[in-house]
Each structure stands twice: as C-alpha cells, then as structure tokens.
Participant: 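Following this message is one structure expressed as structure tokens.
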Amino acid sequence: MDEWKANPTIKPHKKRSWYLAWKYKLMNQRALRKLCQTGAVLFLLVTVIVNIKLILDTRRAAYEQEEESAQDYDDEMLNVEVARHPVSNKKVLDVEVYSSRSKVYVAVDGTTVLEDEAREQGRGIHVIVLNQATGHVMAKRVFDTYSPHEDEAMVLFLNMVARGRILIFTIKDEGSFHLKDTAKNVLKSLGSQVAPFLSWRDMWTFVGRKGGEVYGEKHAKSPTLSTWGDPVLLKTEVHLTSVEDAECHWPDTELNRRRKRFCSKVEGYGSVCSCKDPTPIEFNPDPLKDNKVFDVPVAVIAGNRPNYLYRMLRSLLSAQGVNPQMITVFIDGYYEEPMDVVELFGLSGIQHTPISIKNARVSQHYKASLTATFNLFPDAKFAVVLEEDLDISVDFFSFLSQSIYLLEEDESLYCISAWNDQGYEHTAEDPSLLYRVETMPGLGWVLRKSLYKDELEPKWPTPEKLWDWDMWMRMPEQRKGRECIIPDISRSYHFGIVGLNMNGYFHEAYFKKHKFNTVPNVQLKNVESLRKEAYETEIHRLLGEAEVLDHSKNPCEDSFVPDTEGRVYVMFIRMEQEADFTTWTQLAKCLHIWDLDVRGNHKGLWRLFRKKNHFLVVGVPASPYSSKKPSSVTPVYMEPPAKEEGAAAVPAVAAAEQT
Amino acid sequence: MQKVNKNVVLALLSLTSLVFLLFQLYYYKFYLSQKNGAVFSKVRGSQSGQDSTRWHVVRKFLGLISSHNIPVYLIDPLILGLVDKDIEQIRSSPDAPSPECKYFCAPRDFTTFALLDKTWKHELGLFRTAEKMGFQWLKIINKDPRLDGMDDLSGTEIPLHYIFKLASHAIHLVVFYERSGNYLWHGPLRLKQHMDRKFVPFRKLHFGRYPGAYEKPELLLVSIDDLKVQIPKNPSSFLEEMSHSRFLECRYREARAFFQLYPDDASLDAVEFRKKAKSLLHLAALTLNNLGVKFWLSSGTCLGWYRQCNVITHSKDVDLGVFIRDYKADIIPAFQKAGLPLKHKFGKVEDSLELSFQGEDDVKLDIFFFYEEDDHIWNGGTQAKSGKKFKYLFPKFTLCWTEFVELKVHVPCETLLYVEANYGPDWKVPVKTWDWKSSPSNVQYNGVWPVDEWDDVIQVY
C-alpha cells in the first residue's frame, strides 16, 4: 500500500495554505477579518457538505458494485444448479408412488422421478430421498433384497440419510426374500406399519420423513406363492420445511462450500454431510520421499456408481504420495451424481457419451479415457489406471514409486499391477514381495504410454466388437509374451458388488477374501531381481532351496503342507503342454483361489503362500523348471469333475473383475 | 461572547473539516483499491503527465499472483520490444534500481502476461483475493482442444484467457496449455453472448485473435521499472515466434464424418503403415528442425491431416514441402546421418528440385521444393525414364502451425485452397489409384530436361 503515500499530500497542503491565509488576514483589518471569517465558515461548511456527499456517494457506489460483482460470481457458479431444479416455492408436494410386479414409478408434483418397467431388472426395494426443503431428488437407490446382503446395504444407506429427509419406498417384483429382521426393524422405526410383515411377492409403497411423520403407506399381499400382490398406488402430500432448517451451518471455507453444494444435492454419503462433525474431504496424506510417480497421471474409470466412486476417491486421496492435480475421473455417461462426487473432492472429471453396449461400452470408455489422459498430460510416460470400485492401499504410490523404473527399462514388461489374482487372505503373506506373471491382472495398474500409443490404441477393438478390453489386452497378439509385475499382497481391493459382470455371490466367492495391504511405506524387496534375467536366477535359487512336498498326500488338504513358517515348499503337477491347465484349475478350485481362468503363472510356475510358507507349484513337463523335479516324484494329476457347469461359467465370468 | 462563539464555531468547523479530510483520505485510499476506475484515473491523470496507473496496476497484479504462487511471465509484445533493446543491460544488472519508469508507464489499455496451465489449479481463491484488491475479472472459457479430437468427451471447458481490470488498465492473462508434440498452445478469445463486450477493448488485444502455438520458453527473472517479472529469456526470438504463431486445429468433426462415410482401415497393415509413417515424420521433423529448415505437410500427408486428421493408410509415402529459399545443401547428408538414405534426386536448385529418402520398409519420404512467383507457387516433378518435367501450381499461401500425429508441424493456412488445387473439388472422396503425372488437378506439362543434364537432374539410387 505504500505506493499511494506520495500522492495524498494534495489536501493537507491545500488546507495548510488556507489556514495561513486566514491567520494572516486576522492580523489585518477587522472588517476584512470578519469577511474572511465568514468566508472561511462558508467554505468550511461547503467542504463539510461536499465531503458528506462524497462519502455517501462512494459508499453507495462501492456497495452497488460489490453487489453486482457478487451477483456475477453467483451467476457463474450457480446457474447450472438453478436450471437443473426448477422447483417452485410451493410448500406442499404431491407424491405418487406405484408398486407392482413389472413396473414401479414415483412422481413428485407431477414430474416422474423414477420409472422402471424394464424386464429382468430393478427387482427389489426402490428408495428415493427428497430434500425436505426443496423437494429435489437427492438419492435414488434400488436394493435387490431378493438377493442376500442387499438388505444390509439398504440399512447402511438408510442410516446415512440425514434426519428430516423425505424417504419414498416402493417394491418391484420381489423385495422380501432376503429382507432380514434388522432391515425390517429399521423400516419400522421409520414409521412403517407393514414392513415387519412384508412377505413373498407383496407389493408395498411408503412415504415418510426420517425421524418424523409418516405421509402414507400402502400394501398388497400376495395371495399365493406363485402370484404377486395387486399393484398399489399411493397418493399423498408432503409438507416442505424452510431451507435454513434443511442446511448445516459449517464455517465458510472453500472446502465447506464444496461440501454444501454437494450435500444440498445428494444424500447417502453419511458423515460427509453431518452438521456437527462432518468427515473431512481433504486428507493431506504424508508426501513420499523421492516420489517417482508424483507426475504420473491417474485415470479413474467410472460409471454410474457414485457411492463406489466416493469410497474409491477417499482411499485414493488418502494414499501417501498422491497428487490430486494428476487425477482425472472419466465418467461413462452424463450422470450427475458421480460428477458431484468428483467436484466434492475438487478433482477434475470428464464425461463420456456412451458408445456401444455392455462390454464394448466399457471397452470404448477405456479407450477414450486413456487417449484423453495422454492428451491432457502430453509429458507423461505412464498412466495409472484405476476403477471406481477399488480401495487403494495407503502405500499404493510408494509401491509404484519403487517399481516404476522397471517398466521404463525392462522391455519385457507389459505392466505393473497392484493386484494379485491369487493373493487371498490364506495365500498371500509378504507385503515386500513382488512377482512376474504372464497374465494382466488390471485392477489398479500402470500403462506405458509407448505401449498404448504405438500398439494398443491403433488396434483397440472397435465398438461393434463386443469384447472386453482386458481380455483383449491379455490376448497373445497384444501381450507378445511380455509380463506384468504384481505384489504378493495386493495394493488394491475390489469391493464392487454391483457391476456389469458382477453380483453378490460372485464377489463373495472370488473377491471378498482378497488380501489388501494396510501397512504404510513398505520397502519392497529385491526390485532389481524382477528384471527378466535376474528373475530366472531368483526362481532357480528358490527352487534350489525348496523342499519337495509329499506327493502321496492330497494337495487339497491342509496337512499337505507341514505346520511350519517361513519355509519354501514345491509341488509338481501334471501339465502336458503350455496350455494344459487341467490339474492347476482343480488345484486352484480346492485351494479356493481364482480358478475361472489361469492367472498368476510364470512359465508354468505359480507362487503363493500356504500356512505362511512360500508354496511353489510347477507344471511338469511343460514348465522349464520341470528339471528340478526329483525323478522319484510323480506329478499330481487331478481330474476335472465329470459333470460340472464350470466349463460354461468360464467365458461368462472370466472377465468379471473389470466391471 | 460573540467572538468566543465565532471562534468555537470556527474551531468546530475546522475540526469537522479535518475529520472529513481524514475521511476523504481514507476513501481515497479505499478508492484506489475499488473498481471505480474512472474517477480514480482522472485524479491520477491530472496529477502527473505520465501514466503510472499502469505501473501500479501491474504491480498490484504481480502482488496478487505471487501471493497465490502462480508463476506468470510477461509476453506483452510492446514491452518485450522495448526490453529487447536493453536486454544486455537488464541481464547484466538484474537488481539495479531504475531511474525512470521506462517500460510499464507508456499509457496502454492493457499489459499481457502468460500462465502455464499445469502450474496452478485453484482459481477460486485467486478471484476472491483479486476482488478484494479491487480487480474486476473476466474469464473466457472454451472447449478443451486436447479432447476435441476424441469422440464425445465433454464436461471440460477450460479457461483460455483471464482479464483483470483495475482502474483504466487491464491485465490480459493468456493461459498456455501443453499439448502432444511438446509445444504450448493458447486458445482464441471468443466472447460468449452474455459477456460484456466493452469490458476492455478486445480488438486491441495482442493475443486471442487466433489460437497460437509456441515452443516452451526459457524464462528469465528480471527487474524492470523496479518490478520483478519473468520474461522469455530471448525476447526477440519470442517476438519472432509470435509473429507467425497462428495455429489451426484439425477439423475433427469433419474427420469423424469422413470416417462414418468411409470406415477407417483397421487392418494390421494399415496400423503398421501408420506407425511407420508417424515415426518417419517425427524423424524428418527432427532433422529439418535441427537444420532450421521450415517445412510443411504437403500432398497426401496434408490431405490426410485435412480430411481425416490422420495418415491415409493407402498412401505409400510421407510428403513434405519446403520453400526453395530455405534449401540447404546439408539436407541430404543430415538425412543420411539420420538413417534415411537418398533414394532419388530430381531437378536442381534452380528448377523443379525434389528429394526422396528411403525410410524403413518401403515408406518413402518425399521433399518437394516450392518456387514462389508473383501470383502463384509451384513445385516440379520429373519422370525418371523419359526426362519429362511436370509443374504443379498452387495459389499463394502462408504457413500455420497444427498438430499432427503428436507433432507440431506447419500446414498451409489456406489449406482448403491448397488441397483443392492439388486434388480437385472431389478431394473428400478417397482415391486409391493415383497417378502423380495425370491425377492432380493442378499438374502441367513442363517440357523435357535436356539430355545432357540428365545425369545431374535425374539421380536414382
């Protein structure tokens, strides 16, 4: 502010001269003095008036301008929002809720906010949350309570909804089969009379305020097991409250502004919108020393699963060494809520018009996202690719920072992945251990730009080919014998239960018990030995020291491996040629690891842990390591069960994890 | 009594007047940081002949920027022009106090700064502080061209220009984006409907009429007029670059439409050819740039860029154009050194020069030299076995930058005229059989080389 010091001397100067003049005249004639006095008085009066006017004028001008600019600002920020929700100032909402076997709909003030009459879809309890002050739809969920565990998800969701919100429930098809008592009690506590007695194929609608009054409930019982209850239509009125009552009063900071925007629009994110003690949305994890991946762009591939995205971004932004500026979330479709989540965390998001259907749609979304990532970060040599249904380990970036140089230097590498397909609770042990595998696990991985730009992008499957991008990437034409580096204990955790190729059963069988590293700053062991040649030396050393297990015992039994810790054991299975995985698949099945296709192999060798011992499986004679087999040992052969739906399941679920 | 009263009244009035004077001072100060520019500048203008408003505004702006850790650099062509004259002195004594206000006091409507996009992100805080300091600001956003080439991505309008206005002076902040091809790009300044067209005299802005492409500049921190600013290390070469920085975006929408009509060849051969053509073009660009030879995409390569934003898979070579005045004898050895042996050389520097280099696996690099006449530009062709000469005529053109296969390259700005001259009005239709002697619509028979010159003008290796 010192620049103006020199200037304002004008006025004091002027004043002093007048004062002097006045004094001078005072010493002279009386009459003149009087005249001067009067003149001075007049002058002073005029000055006072002019000053008052000036003050008033400037004040008004400043005030007006402030208002104006504030308005401009608001316009820019809030325009969209206003446009999106053209809701009148009415105090009462008319709500219509319909429940039937094949169709549900909800209309608020004549606007349909939910309509689902698709076949074979949307079964279960549909829940809609309305803002009690504006009537905006804040959340829309469907819980397939015909299937197990969905009721738990519903309870979780209902608990997260803030008090005072309007809740609307309606059942499509069937919603009671796996609706347990806990869930029924929660519904009862919301004021539902019928919920505790909901049964097979009943139709039901309910509107109520959380922690408050009930606006209506209708129910139609199913007369027999094979028929559905009659459709029910509930018409009711909901009284709105004032906006102030519906909002929290957080301190006015940049973060809280984002929070407010978010919380006024959506519901179901729990304590992030809690008035009293909201959960942070900025995490500031420790930076990594010598972070080699600080400038590597991170592409988060997302669909319309905003809750997943929320959970995923929380874990990602909490990982040590994360650089939020490099994160871009790519949303497949013009969905608002995922974008709201992205904006809540202050990240950048890009929406992508869906192209094609099903797996091809995912595949096209992947392509667009990867191309965009390298366009947006033209300097980047790599990109980290994540999906919205992954938890990210606290040392994810540390893991990559320590290993990424291999991807740069070792041409025989295809990717680095955070995921070990075979790393289950009972088969993974060592957070500092890395493997080389011939399969591409995905689920949190690093892609080299040159690989993408020179090889993958030009040949990427076109929309009409309904291929999975990951299956395509695993094909020998693309992989060309290159391998991926993976950790023994995964640095990502796949929590998604709903998805294109995913359901609750499948998730429980193959993903739930996956091991996930929670230790920060793990120092990786022997990263150098992951180079192509060094790895062979390492394997030979391992096989050299490994004890051969008793092949007369049943390898599926726990007793197959002695009750020791920290030893290295090897077993040999039959594997006639490179593609013969008959015995391996059976073994994988009985060990309860991934058996839907072959994963985690390296030249006919699998590495995992059993009872805290390193456990090697070598396929004889196809594997080059077969020479380590003592001549006395007969490789184990396990026959596939004669009648098994397994064969049919493979193509259907093989790609399951990528959804 | 009366006298006392008078004195009291006088004293009181003086006191109030003094108080109001203080108020006035206070508001004066307030004004300085307020947006009411007109009044302020009048006061200042009457005060001193020189326009130090600009200096003050720039100073404030730099303060604002540094308080938010945003690295900007000066790209104002008028100031850089002045700075360039004294560059030696400025470089040698970066901290010397300046006796007079030489650069930032010339009365101008605005001063231009540049900002690298990736060096900052959170603009909200900046705007808030700017407003507190009395700036009015305007943000010009538009589509992100880095995603424009892609199908159906959206939700990504990016800031291209900011204007901060205080009093009668405005700061024009141009946002530069890094793009594939290792260069910087700034967007055009286009006002949307609701925007205030009189915010600043937009037409007078030095940047924004067209988008522009620049090399990444090396920066230098200098102190001019007692202000510390970053400037391009070599102002004169920056100004040179600026004079022909105009950038053309590829016509992605038209290219998509083209591919809907004629689906792209996704065969393995096509993919391979594109890969080779791309790496050949990269190598050629590197070699020519090192020599300082200006070149542009010509013939089929230019058509590929213009029509489909990609290499035409059924073309067999990469074609470049070079003005004959830029010809250097080093070109042939430089390419040979880069691993591209000379395949043939037709013509001579004075007439119809054409060079061909052998790239990897049958992909050929053709360099055609262009001769400028009063009303047209032409290049020549020669048939090896007959010694026949051909001439291809083009309307006059200038050069613009564009991005092609991750490379910043020149194309004729008047691309449509260029392509139409070469391929006729039906250039939109792919033609697979092409005879360079008869197919082009601008070809003219140009006689035969004298037989005694054949050894020189027809060299085939």
Side-chain angles (χ1 to χ4, degrees), chain A residues 1 3-4 7-8 10-12 15 19 22 37 40-41 43-45 47-48 50-52 54-55 58-59 61-62 65-66 69-70 73 75-77 254 257 324-325 330-331 334 339 346 348-355 364 368-369 371-372 374-379 453-455 458-459 462, chain B residues 6 9-10 13-14 16-21 23-25 27-36 39 43-44 47 52 55-56 59-60 118 121-122 124-125 127 131 136 139 144 146-147 149-156 178-182 194 263-264 266 268 270-271 274-275 278-279 406:
Chain A
M1 282 286 147
E3 78 263 25
W4 71 274
N7 306 318
I10 333 154
K11 297 278 166 172
K15 189 185 158 155
Y19 176 68
W22 175 69
Q37 272 178 358
V41 167
F43 173 77
L44 283 170
L45 264 174
T47 319
V48 166
V50 165
N51 272 312
I52 288 176
L54 183 75
I55 287 169
T58 49
R59 172 162 263 175
Q65 228 145 24
E66 231 162 58
S69 68
Y73 189 69
D75 266 347
E76 193 156 322
M77 299 311 292
E254 187 128 6
R257 253 171 242 201
Q325 300 232 10
F330 293 93
I331 300 163
Y334 290 90
M339 206 60 181
S348 49
I350 292 178
Q351 290 168 318
H352 177 218
T353 313
I355 303 169
Q364 291 310 305
S369 307
T371 304
F374 288 120
N375 279 356
L376 289 173
F377 301 96
D379 271 356
K453 280 282 165 193
D454 297 345
E455 301 182 36
K459 294 193 284 185
T462 43
Chain B
K6 255 185 213 161
V9 167
L10 264 176
L13 276 173
S14 313
T16 25
S17 148
L18 202 76
V19 167
F20 277 116
L21 264 173
F23 261 120
Q24 218 172 5
L25 277 179
Y27 271 102
Y28 184 63
K29 183 176 168 182
F30 195 68
Y31 247 32
L32 205 77
S33 59
Q34 259 307 333
K35 300 140 203 192
N36 216 335
V39 179
V43 174
R44 304 261 334 157
Q47 244 277 296
S52 54
W55 186 86
H56 285 308
R59 185 195 151 94
K60 274 207 137 180
K118 69 171 184 182
K121 199 132 201 189
H122 302 288
L124 245 67
F127 289 149
E131 279 171 16
Q136 278 178 291
K139 175 165 114 172
D144 188 340
R146 297 168 299 177
L147 302 175
M150 307 189 44
D151 293 341
D152 314 302
L153 285 190
S154 80
T156 47
E178 205 170 292
R179 294 189 49 177
S180 309
N182 202 26
H194 62 275
D264 199 15
L268 214 58
V271 168
R274 278 201 173 131
K275 199 174 152 187
K278 178 179 163 184
S279 67
E406 289 167 64

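No experiment lies behind these values; they were computed from the predicted model shown. In the text below, chain A, chain B and the rest are named by the order of the sequence lines, each starting its count at 1.
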Participant: When only pairs under 4.5 Å are counted, which of A:Lys453, A:Lys459, A:Glu455 shares the most heavy-atom pairs with chain B?
Facilitator: A:Lys453
Participant: Roughly how far, to the nearest 0.5 Å, is the CG atom of A:Leu376 from the CD atom of B:Glu178?
Facilitator: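 The CG atom of A:Leu376 is 11.5 Å from CD of B:Glu178, to the nearest 0.5 Å.
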Participant: Picking from A:Ala372, A:Pro378, A:Pro354, which has the most non-hydrogen pairs under 4.5 angstrom with chain B?
Facilitator: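 Highest number of pairs under 4.5 Å: A:Pro378.
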Participant: Check each atom of A:Phe377 against the heavy atoms of chain B and say whether the ones under 4.5 Å are side chain, backbone, both or neither.
Facilitator: neither
Participant: For B:Arg274, is it the side chain, the backbone, both or neither that has a heavy atom under 4.5 Å from a heavy atom of chain A?
Facilitator: neither
Participant: So, A:Asn375 side chain and B:Leu147 main chain: donor-acceptor pair closer than 3.5 Å or not?
Facilitator: no
Participant: Is B:Asp264 close to chain A through its backbone or its side chain, or both, or neither, when contacts mean heavy atoms under 4.5 Å?
Facilitator: neither
